[in-house]
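Pasting a structure here, questions to come.
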Amino acid sequence: MAKDFQTREENYAQWYNDLVIKADLAENSAVRGCMVIKPYGYAIWEKMQSVLDKMFKDTGHVNAYFPLFIPKSFFSKEAAHVEGFAKECAVVTHYRLKNSPDGKGVVVDEDAKLEEELIIRPTSETIIWDTYKNWIQSYRDLPLLINQWANVVRWEMRTRLFLRTTEFLWQEGHTAHSTKEEAIEETEKILNIYTKFAEEWMAVPVLQGIKSPNERFAGAVETYCIEALMQDGKALQCGTSHFLGQNFAKAFDVKFLSKENKLEYVWATSWGVSTRLMGALIMAHSDDHGLVLPPKLAPIQVVIIPIYRKEEQLKQVSEVAQKIKKSLEEKGISVKYDDRDTYKPGWKFSEYEFKGVPVRLAIGPRDLENNTVEVARRDTLEKEILQIADIENKIEHLLEQIQKKLYHRALSFRENNTYAVDTWDEFKDVIENKGGFVLAHWDGTAETEEKIKDETKATIRTIPLDSKKEEGKCIFTGNPSKQRVVFAKAY
RNA sequence: CGGGGUGUAGCGCAGCCAGGUUAGCGCGCGUCGUUCGGGACGACGAGGUCGGGAGUUCGAAUCUCCCCACCCCGACCA
């Protein structure tokens, strides 16, 4: 194996790219920075979507859809927001093409210039708050709990499949509340949903915390985040939930009459996770043999491969395989029976291995004689022969085990790669030579964070919510600090 | 936008410096046969505006000039 894979050790970045391509998740498109998400990759995203969508709906949110285009003037209404996004906006300036005068193709028709340019949304706060203005008059209209599934465009200079693409898919929630407390509660509620999803479905342990001012969302009062550690020791931001205060309400003049008959600005939140989660999923669990998927998000949880020589044998094997498939499906397990005769068993073993299918069953003539089946699990690459009787319960249990195993493996990796350091030399050494999360004291100033970044490339990934208060001295300036924050190099 | 590099079959590459018949190799693809419990093997076969344009030359993938595209490194970022 691994004959056409770079290993993680050899070249982590290359390993990741090879994996995405070889596992048939996505590929680069003809458009620079934009990817084609292939059916197998999209199936994983669809699973993520359906789980998250249910979680949002269970907590009272509803879906809606807002336009792809945003008038340029909307953008300039919230100062910090424009500032943050201006440098990466795609702009529509014309609405028509015409035949080129030289007869070669088409050119932009200069006569079809838009009065006001349209921005392709990098995020939808502005168009949404401009709309909410008309929807909200009274405290009776609140809270407004809306989510949208959409594509957005951010003109990044360097892109990587799933981790950073010019266009990406995501969900963005935008809520409006009558009190500050309720909005903060919403922000935290969503953070907990994201955490639960990451840990219980993706099997990726995450740190919950808030962002330093430098890393805060443009236009937010506070940005909460979940942060995961990848196998190369770099951090990946997996989701953000923003408390927007009254910034957008003021910018778009969204007021409501309270019970006390007073006119007040609305309190807001916004929150999102994107196809970047695919990157986290891939990098958290996969190995040098290919993708490893947690059963709860695997499009195919169990694959059955027949071993046979003659047609007659295939017929007998198929009968047993179909029976097993059916009994597994009755348990809600997704099963693929791959009886294509255009590929050999060995080839199929490899294919499903690098596609990360959690469990593989092989059934051949020997099994027919003994009423057995060969069971191979992807996470540990272990194989065993099991009796067919009661196979559906055994497999169901095995899938649960794999899900847990992946989470705990990722968790212990994170624990083994988290370091508390108290001196600047130690800090530089760990960041440079080991990677991982580094817990260190920081004096709380943006200047210090900036200087640390310039010298080491490490940034504050998060200020953990659950960390103990602890007096200490900033590793860089020696100024007093009240708690440790999490530093790392990040994606 | 700076610095480096690459464009030759679906993919990965050789050929270019020292110009010369029908432009090669590996993988993949097609047909047939033998195979089938960890990426099978053999035989035959299909597949090319050599990134584009102009020039030098009897002759250009190869030399010259211009253009284009893409990749890597840096500044920006979910």
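Letters A, B, ... mirror the listed sequences (proteins, then strands); counts begin at 1. These values consider heavy atoms only, across backbone and side chains, with no hydrogens, waters or symmetry-generated copies.
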Open item on the list: Assuming nearest nucleotide by heavy-atom distance, tell me which of A:M157 and A:V31 is located more 5' along RNA chain B.
Closed with: A:V31

Open item on the list: Against A:L361, only a single residue in A:L386, A:I304, A:D367 fulfils side chain to side chain contact (heavy atoms under 4.5 Å, CB included); can you say which?
Closed with: A:I304

Open item on the list: For the P atoms, the ones on B:A61 and on B:G51, what distance do you get once it is rounded to whole angstrom?
Closed with: 10 Å

- [ ] Can you tell me, in whole Å, how much space there is between the C1' of B:A69 and that of B:G52?
- [x] 10 Å

Open item on the list: Does B:C71 have its OP1 or OP2 closer than 4.0 Å to a side-chain nitrogen or oxygen of A:R32?
Closed with: yes

TODO: Would you kindly say whether A:E125 and A:S270 are connected by a side-chain donor-acceptor distance under 3.5 Å?
DONE: yes

Open item on the list: Taking A:G290's backbone N and O only, do any of them form a donor-acceptor pair with A:E353's side chain (distance below 3.5 Å, no angle check)?
Closed with: no

- [ ] Report the base-pairing partner of B:G19 (Watson-Crick or G-U wobble, both distances below 3.5 angstrom), or none.
- [x] none

Task: A:H174 and A:F248 aromatic centres sub-6.0 Å - done: no

Task: Presence of salt bridge, A:K22 and A:E351, under 4.0 angstrom - done: no

Open item on the list: Output the rounded distance in Å from OH (A:Y12) to P (B:C72).
Closed with: 17 Å

- [ ] Name the pairing partner of B:C50, where a pair is Watson-Crick or G-U wobble with both distances under 3.5 Å, or state none.
- [x] none

Open item on the list: Output the rounded distance in Å from NE2 (A:H242) to P (B:A78).
Closed with: 8 Å

- [ ] Please indicate yes or no: is the ring centre of A:W170 less than 5.5 Å from the centre of the six-membered base ring of B:A78, with the two planes inclined by under 30 degrees?
- [x] no

- [ ] Check for a donor-acceptor pair, side chain of A:R121 on one end and backbone N or O of A:N151 on the other, with a separation under 3.5 Å.
- [x] yes

TODO: Please work out if A:R160 contacts a base, only the sugar-phosphate, or nothing of the nucleic acid, heavy-atom cut-off 4.0 Å.
DONE: nothing

TODO: Could you give the distance separating B:U56 and B:G12 at their C1' atoms, to the nearest angstrom?
DONE: 34 Å

Task: Who pairs with B:C1 - Watson-Crick or G-U, where each distance is under 3.5 Å - done: B:G74

TODO: Name the closest nucleotide to the A:K457 side chain, picking from B:A78, B:G74, B:G37.
DONE: B:G74

Open item on the list: Taking B:C11 as the reference, what is the distance to B:G47 when you measure between their C1' atoms (whole Å, please)?
Closed with: 13 Å

Open item on the list: Distance check, P atoms only: B:C17 and B:A78, in whole angstrom units.
Closed with: 50 Å

Open item on the list: Any N or O donor-acceptor pair under 3.5 Å from the base of B:G39 to the side chain of A:E353?
Closed with: no

TODO: Could you check whether A:D367 gets within reach of a base, just the sugar-phosphate, or nothing at all, counting any heavy atom under 4.0 Å?
DONE: base

Open item on the list: Once you apply a heavy-atom cut-off of 4.0 Å, does A:Q237 come out as touching a base, just sugar-phosphate, or nothing?
Closed with: sugar-phosphate

Task: Shortest side-chain distance from A:E88, nucleotide among B:C76, B:G37, B:G39 - done: B:C76

Task: Watson-Crick or G-U wobble mate for B:G55, both contacts under 3.5 Å - done: B:C63

- [ ] Using a heavy-atom cut-off of under 4.0 Å over every strand shown, decide if A:T372 touches base, sugar-phosphate, or nothing.
- [x] nothing

Open item on the list: For the residue pair A:K234 and A:Y491, would you count it as a cation-pi contact if the rule is NZ or CZ under 6.0 angstrom from the ring centre and within 45 degrees of the ring axis?
Closed with: yes

Open item on the list: Measuring to OP1 and OP2 of B:A40, would you say a side-chain N or O of A:K344 lies under 4.0 angstrom away?
Closed with: yes

Open item on the list: Applying a 4.0 Å non-hydrogen cut-off, can you work out what A:F217 is touching in the nucleic acid: base, sugar-phosphate, or nothing?
Closed with: nothing

Task: For atom NZ of A:K87 and atom P of B:A75, their distance in whole Å - done: 13 Å

Task: 5' priority, RNA chain B, between A:R276 and A:Y308 [closest heavy atom] - done: A:Y308

- [ ] Assign A:K383 to base, sugar-phosphate, or nothing according to its heavy-atom contacts below 4.0 angstrom with the strands shown.
- [x] base

TODO: Tell me which nucleotide among B:G39, B:A78, B:G38 gets nearest to the side chain of A:T165.
DONE: B:A78

Open item on the list: Would you say A:R309 places a side-chain N or O within less than 4.0 Å of OP1 or OP2 belonging to B:C36?
Closed with: yes

Open item on the list: Just the rounded figure in Å: distance from P of B:G74 to CG of A:D454.
Closed with: 15 Å

Task: Whether A:T456 side chain and A:K453 backbone form a donor-acceptor pair below 3.5 Å - done: no

- [ ] Round to the nearest Å and state the distance from A:Q14 atom CD to B:C71 atom C1'.
- [x] 11 Å

Open item on the list: For the P atoms, the ones on B:G19 and on B:U57, what distance do you get once it is rounded to whole angstrom?
Closed with: 16 Å

- [ ] Measure the distance from CD on A:E374 to P on B:C36 and round it to the nearest whole Å.
- [x] 17 Å

Task: Complementary nucleotide for B:G38 - Watson-Crick or wobble, under 3.5 Å - done: none

Task: Base-pairing assignment for B:A43 (Watson-Crick or G-U wobble, both under 3.5 Å) - done: B:U31

Open item on the list: In this structure, how many angstroms lie between the P atom of B:G39 and the CZ atom of A:R340, rounded?
Closed with: 16 Å

Task: G-U wobble or Watson-Crick pairing nucleotide for B:U6 (cut-off 3.5 Å, both distances) - done: B:A69

TODO: Can you tell me, in whole Å, how much space there is between the P of B:A14 and that of B:U31?
DONE: 32 Å

Open item on the list: Nearest whole Å is fine: how far is B:G39 P from A:F349 CZ?
Closed with: 9 Å

TODO: In whole angstrom, give me the gap between the P atoms of B:G48 and B:G39.
DONE: 34 Å

